[in-house]
Amino acid sequence: MIDTPTVDWLALSPTIALLAAAGVALLSALLAGWMRKSVAGIAALLGFVGAAVCAGVVFDESSTPEVLLEGTMVRDQLAALAQLVLGVTGAVVVLASWSERRRENHAEYYALLATAGAGMVFFVGADNLMTLFLGLEWFSLCLYILVAIDSERETSLEAGLKYLIVGGFGSSVLLFGSALVYGATSELSFPAIAAADASNDAFLYAGLAMILAGLAFKVSAAPFHMWTPDVYQGSPTSITGFMAAATKTAAFVVTLRVLVTAFPAQEDLWTVTVAVLAAISLVWGNLGALAQRDLKRILAYSSISHAGFMLMAIAAFSDRGAEALLYYLIPYSAMSVGAFAVVAARERELNAPVTLDSLAGMGWERPYYGVALWIFMLGMAGFPLTGGMFGKLFVFSAAYDAGDWWLVLLGVAATAVSLGYYLNVVRWLYMRSGAELRLAPAGGSPPRDPALGIAISASVVVTVGSFFVVQPILDVASDAAGSLPF
Amino acid sequence: MIAGAWVCLLSPLAGAVAITLAGGRISRRTAGWISTLTTFVAFGGALIAFFGLWGEGHGDREHISTAYTWLESGDFEVEFQILVDTLSSTMMLIVSGVGGLIVWYSMGYLAGDDEERRYFAYMSLFVFSMLLLVQAGNFLLLLAGWGLVGLASYLLIGFWHHKPEAVAAAKKAFVMNAIGDATLALGLVLLVWETGTLEYLGVFEDLDSLSTTTVNLVAVGLLGGAVAKSAQIPLHTWLPDAMEGPTPVSALIHAATMVTAGVYLLVRASPVFEAAPDVQHLAAILGAITLLVAGVVALVQWDIKRVIAYSTMSQIGYMFVAAGIGAYGYALFHLMTHAFFKALLFMSAGVVIHHLGGEQDIRRMGGLRSVMPRTHLAFLVGGLSLAGIPIFAGFWSKDGIVAAAFASGDTLGYTLWVAGLVGALLTGAYTFRLYFTVFRGEPSELVTAQAHEGHGEGPLSMLIPVGVLSVLATIGGLVVIPGVWEPFLHWIDETAEPLVMASVAEDYGTSAIAVTLALIGAGLAHRAFRSQRQVITNPRIWHVLEHKLYFDELYDALFYRPSASVSNALRRNIEEPVVERSLDEIGSGTIQVGGEVGRVQSGLLRTYAVAIAFSVAVLVVVFVAVR
Amino acid sequence: MMDGPDVGWYLIVAAILFGIGALGVMLRRSPLIVLLSLEIMLNAANLTLIAFARQQGDLDGQIFALAVMAVAAAEVAIGLGLIVAMARRRMLLDVDQASALRG
Amino acid sequence: MGNVLVWITWFLAAAACLGTGVAVVSMTNPFYSALSLIGNLASLAVLFLLLSAEFLAAAQVLVYAGAVMVMFLFVVAYLGGRADAPWAGGPPLLRAAAVVAAVALLVEIVVVLGLAWGDDLTDPAEVSDSFGSPAEIGEAFLTDHLLAFEITSIVLLVAAIGGVVLGTTREKEEEVA
Amino acid sequence: MWTTALLLLPLAGALVVAILPLPRESTAGLAFLVALGEVALWIAAAGRFDFDDGGLQLGTTREWVESLGISYSVGFYGFSLWLAGATVIVFAAAIGYGMWVGRDRSRAYHALMLFLLGAVVATFAAQDLLLFYVSFEAMLIPLYVLVGVWGGERRQAATVTFVIYTMAGSLLMLASVVAFGVTQGTFSLTESGTSDNVWIFLGFAIAFAVKAPLFPFHGWLPLAYREAPVEVAAVLSAIVSKTAIYGFLRIGIPKFPEPADDLSGLILVLACAGLVYGSLLAFRAPDLRGVIAYSSMAQMSLITIGVFAFDDLGLDGAVLQSVAHAFVSASMFLLVGMVERRCGTSDIDALGGMARGRPSLATVVLVAGMIALAVPGSATFAGEFLIMAGAYQQGWGYSVVVALGIVLAAMYTLRVISAILHVKPGRAVRDEALDLRPGELALVLPLLLLLLGLSVWPALVSESAFAASTLAELLP
């Protein structure tokens, strides 16, 4: 008889909530058409909300980190905070997808969304290389499908294929790296890897390099980012939002966790590397975005540059850096989801991909969406009155504190360049009248879409709210960062 | 007494404000009366102040009254204060008295002009500013008045703003004065740092502790202001052009009061100049040069007002000479008599111009004596006074200056003396050239034509001031009869102790020579007039003189054109291509690079894989190598 | 004591296999073969894991490898689904042609 | 000094493994590629056996080669001629870069191996006979690695859903087309 | 409390204006009322300010981000209260102008203007480095749209250049803010000490140099001032530029005494260059706006000279000149706007002769122009004199350049006056172009009256700008 391991259900509760929701959603495929959509959607929504609530409880309960199931996962405030963000993000994405023009597959769509959410929620708690890899594949596989789910659009399929293949390539690298690290230390769990004495082992370093590359791929840091624009552009818009916000959150939290818990001894090497990756991302992302016309593509490049900022925080390798990263993720997630939600709204109105031209005059015709997009753009650019500013501030402080002043300067320069495209969006929103352009909508009222409105409002509230309510968020982030052994 | 001074200062301001505020609600005539009366009220105030002072004991004729602190910064304070002493009370009388007469005269002269109200507001503003200048109790307030008279002068020169020449002249006057203001201000800055105050008395007390260089620099600064304001070489070119303004303006501002402010400053700041004798002498030298040059140039001008304007420069040159050698009393004395006779000349000329419908070219005049006998008489009085013919006011003051120059001895003194005498010759020549051309001979076509249509000799409002000034120009000089009766000089000496005093013999000797020379000059003019020739016959010299020795052209080439072309060059070569376009270039350059980035993102999946593989390879190499 | 070659030899095989797989992904245009190449890469990793597991006498590596197999299978399944969907849209099965998304 | 038979087996298996690997990547026809992959998987299984991973070897053959690859072959067959795409192609620079990158990766790993070999690769741990047996694997899976087990099942479920979602949609369109 | 109220009123007003679906006129009226209320509030606050003290007063502090030492901390010094006073008044005039010309999209327009007002007041009130940065940046948000939507033909280029340029400067400042705050452990300006790091100082200095703008950081200026709606241009040159001065006075110098002292030579030279350069360009600019734009640059350089004179004369002069220039520049721009509305252009060649039959316009332009060129006796002259006197301590050459600036100012200002008023009517001036309407007069006259009042008593500002203790911090 084998000992049944004790399972900490509380730690798993966010995951389970989402898996349950996924199950319900999947089963709704059996229902009649109209019910299918609402049942699946509501199930997913409840799943994400439930996950967020559970994560809140977990956060409250886990003031000291607890390693579970033979070191395969950990229950701590870092994971809980990430789960909370993921839950809320997912809920917003569900709302934003509500009136997507999809004729079928509603059940599968929401089921996969919830499953992907579950994967991420699990992923952020992974505490060994195996769960790390599996968690990663778990949500990645879901995303591959979700990206390609609008299979009536060729671009969706193309994006899916690209994501799948490049993603598979990336995970292979990650896996191979994990294997090397395993070989060097004969350990899989992060703290054990750190504890193992292999400080000068070639396997370990090669493995670390490959793990770093694999994770950099997921956070879409340059030069591992090249799939990002294509995939973001081709995916269904809500899914793009989900990827931009949730995937990044999950991947960044895990990157932070892996590097800090498993490789503290190699700190001098990976901090520099991460800093360099941050620099490349900043440069590439911002320059790339400048020449784009398609809004989703612009946002994709912008997400690359944001990855650069967040990597700066990781490169700081400090409490303050971790706090900065966790803070940054919150407004950033809200802004990305919100921005993609507005794109989705415009897309539905025009029934065409949203380019800059098709934004013309939108600010005046659809004042609410216009103002919201304006706020998101300002937030991404780091203007005050949005959390984006504090995000940048904290990241810069962390980097400066860590001595990376050159990175701060680069960040400043990158931000200046980024204004070129963020403000350009605002320019098209307000300073070109729709009447001048043929592409503009015929006027009339857009499809009523209260769910989308709620999603955007929620994003706006978080974006702006995180500016005014900094300290509480920072406290939470600080608690979460406290789970890591700095 | 002090109250009188304040009334004197503020009443014209009240007039200006009242006219401005009333705007179109009052008639033009009312505006004129407001202006005239407030100026006479100021004169009344000046009289009160004067007699109050008169009644004081000998050493007590110096009163400061402070209203409030105008400007304050740290320990540095400038108060709004007036100083009433013999010097300023004299100036107050001259300014408000002559000013009142001229404003009154203007009512007739400008009757029917479109914008009389504006004119009178400006005039009142001018009188206020001038009074502020002379009453100011410290240098900064003096500078304020200094600038405001410049402003008023600008406004009045450009009064006929539809005339391009008038506008250009106004701008020129202002800019040249601004140069003076700037050097004056720089001088004051030095004083602020070296003495910590700008009050006259405070400054004068501290002068001893200043280094020679500092004092010299301060004096140069002040002199710069004086030169600009008084149209002395080299900052003189604005004055002839300023004749584009209405004639009463020329009379008041560009003859009687404002342009003599430089002299006032030299006298007022005499302790500074005495501490910097080189600069003081420089003032005298500049004055001498100006008096000669202006006198010569005046010989060839055709515009009646320009001739008088050059004569003004020339006469102020005398005053500068006086102030430069330390004959302050005579400087002020000449200032006063000059105010009388020059205002008179201008106003007579104004009557002529008025009568001729605005014609100013003396070649189209002639024979006016018969048509305008009273004006002729007034002009003649003015001319005699100007030429320094005995008993007329100018005789007493000018000859005193020339004698003082002799008395001051030295090469400088004698040179100045010679210059003054040559000046007397020139004065006689150009004055009578003007007089003969305009009033004698046969009436010209224009004069005959206008004899019936013209304004005659103008309304009472013009005639009375002219009359009053004629009287003053005749007897106004009798306050100083060398060796006999010199109350005026004693009065001024209380404030500014003279450095030089001509003996009676020197005085009368010089006078004899000067008068002779003046008569010779007049004779030359007469002879030339009789023979229908000009005083200057050499055409080449004539040409040079007609172009005012090419000063305008020189400044144009030296300052205006370089600054304009530098500005243009800056705009064309730096601002537009570099500063502005570099932004565009940076912007489009960045976007281009962005496009390149986009090209690398070719959409080819395999490139992406290669990129990732490459990066992984590099990472691994680095990690393994560096570990 | 192990019979036969050192674990290092297995690792070399794994490394070469990984390289071959990577080359396949980078060089082939048919998505099907690219998928197969991915499988080769995963398997190379698996071989590494198992070799290390043997080297260290630790079963975790084998478990890991087993999980990877499942994942690899799942990836293939999804990949094939995608390719079929593309084929039905009459899209060219050539990754070089899938470049509508670019820039 | 090892058993010669093991060496020979290893050598054959390794050669087969690499050979089939090259074949997978170089065949023009995906059908042959897939077949080669089956060979590759099989030879890998042999290597697994040599590394005392019996259960995995079995799983490799049964699950992987058996199920997955068969599915693959079906798809290739379904797609028929359309499955063919030209070999390589594309910009020569890209090809060169690909080769360089792959070789670089390979060389590095080998270097790493060389670096590490000296210390610890020559002396593998002693393992019991049951190492890698189904029983042990099963136990580890259900205790220490319970989560991995669960996740594996979820992943497979996702794959199933994915296959369905992607593979079955738009029948109508296809008929129309 | 007063400071917070002063800050919140316009922001709340902006929100209300944006949300209430009122017709255009009522929206504008409401916004104008809010602006006037702000003026009243400022007067009330000033009434509670002890000018004899001049130190930090009316302060409020609330924790914001405790762990980094960031707080919401506001209050006024003598000089900042004066700057804020100029702000509220100029904004009232500008919003009034917007109302008068009836800007379309009234709700958005007026909400943005009020928001801008709030941001500027916050900038002048900020006693926390981060709050300062926040409000400094927040100004750009409305400005971007205000210029970009309601501006002239090339408004989009103008607004993009302007915002990116200034934002690039401010981002450098962000880096410096971070560096300074992190090193000090607090962002509070009242609590933090000083730093001797030149690089950090440079970050601030460049941001301020761009905002002012100083030579050669003025690339955004010509286009922005030309293309912005006039009242926005007025606000830009009159008020927004002064935030740079506040920055120097509150942060640049007191927090970095040594670097500021070390670099003062460089900054003074740049400022002198800017003074001459701006004046020369103003002298030949082909349009009214260009003249005023470059003159504004020259004036800002002048004020900077005063600031870096490092003595009470220069500092007091800088503050006095800032306030005076705010009114001057605002009235000049509004006047240009009024001329443009009549003639449709601000091209100097096409204008002229407007004095005839338009006495109010003529008078107002003359008065504004004369004060602009700092005719002795005016408030601007008082300021310039103090600056000139102050600069002497740093080197006589600076005083000479200031003097040269006075002469050049006379040249370009007279050119503007003549271009509008004098000689024959230009081709764009039609007979029907009316004199200033009462509404317009009501906007410009108060500004001019304030200037005249200030000319009568400049000591009001100059003596209350700094407390002795504040000065001690500012003088290295």
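Keep in mind it's a predicted model, so treat the numbers as computed, not measured. Letters A, B, ... mirror the listed sequences (proteins, then strands); counts begin at 1.
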- Could you give me the CA-CA distance, side-chain angles and deciding distance for Leu188(A) and Asp58(C), then say whether side-chain contact (heavy atoms from CB on, under 4.5 Å) is met? CA-CA 11 Å; Leu188(A) 286 175; Asp58(C) 178 28; 5.9 Å; no

Can you name the nearest heavy-atom pair linking [X] to [Y], along with the distance?
{"X": "Met41(C)", "Y": "Ser172(A)", "answer": "CE-CB, 3.7 Å"}
{"X": "Ala148(A)", "Y": "Leu82(C)", "answer": "CB-CD2, 3.5 Å"}
{"X": "Leu129(A)", "Y": "Phe64(C)", "answer": "O-CZ, 3.8 Å"}
{"X": "Ala45(C)", "Y": "Ala179(A)", "answer": "O-CB, 4.2 Å"}

- Query: Okay, side chain of Gln56(C), backbone of Gly183(A): is any donor-acceptor separation there less than 3.5 Å?
  - Reply: yes

- Query: Hey, is the main chain of Gly61(C) close enough, under 3.5 Å, to the side chain of Tyr182(A) for a donor-acceptor pair?
  - Reply: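 A pair under 3.5 Å: yes.
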
- Query: How about Thr48(C) and Phe203(A): do any of their side-chain heavy atoms sit closer than 4.5 Å?
  - Reply: no

- Message: Quick check: do Val71(C) and Phe133(A) have side-chain heavy atoms less than 4.5 Å from each other?
- Response: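 When only atoms from C-beta onward are counted, Phe133(A) and Val71(C) do touch, with a gap below 4.5 Å.
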
Which atoms of [X] are under 4.5 Å from chain C, going by heavy atoms: the side chain, the backbone, both sets, or neither?
{"X": "Val166(A)", "answer": "neither"}
{"X": "Met226(A)", "answer": "neither"}
{"X": "Leu134(A)", "answer": "side chain"}
{"X": "Glu137(A)", "answer": "side chain"}
{"X": "Leu141(A)", "answer": "both"}
{"X": "Ala159(A)", "answer": "both"}

Going from [atom1] on [X] to [atom2] on [Y], what distance comes out if it is rounded to the nearest 0.5 angstrom?
{"X": "Ser171(A)", "Y": "Glu75(C)", "atom1": "OG", "atom2": "CD", "value": "5.5 Å"}
{"X": "Phe169(A)", "Y": "Met26(C)", "atom1": "CZ", "atom2": "CE", "value": "4.5 Å"}
{"X": "Ile78(C)", "Y": "Leu161(A)", "atom1": "CD1", "atom2": "CG", "value": "12.5 Å"}

- Message: Heavy-atom pairs under 4.5 Å with chain C - which of Leu157(A), Asp294(A), Val231(A) has more of them than the others?
- Response: Leu157(A)

For [X], is it the side chain, the backbone, both, or neither that has a heavy atom closer than 4.5 Å to a heavy atom of chain A?
{"X": "Ala70(C)", "answer": "neither"}
{"X": "Phe18(C)", "answer": "side chain"}
{"X": "Ala72(C)", "answer": "neither"}

Largest heavy-atom contact set with chain A, pairs under 4.5 Å, which of [options]:
{"options": "Leu42(C), Asn46(C), Ile83(C)", "value": "Leu42(C)"}
{"options": "Val34(C), Val68(C), Ile63(C), Asp60(C)", "value": "Asp60(C)"}
{"options": "Gly79(C), Ala53(C), Gly81(C)", "value": "Ala53(C)"}

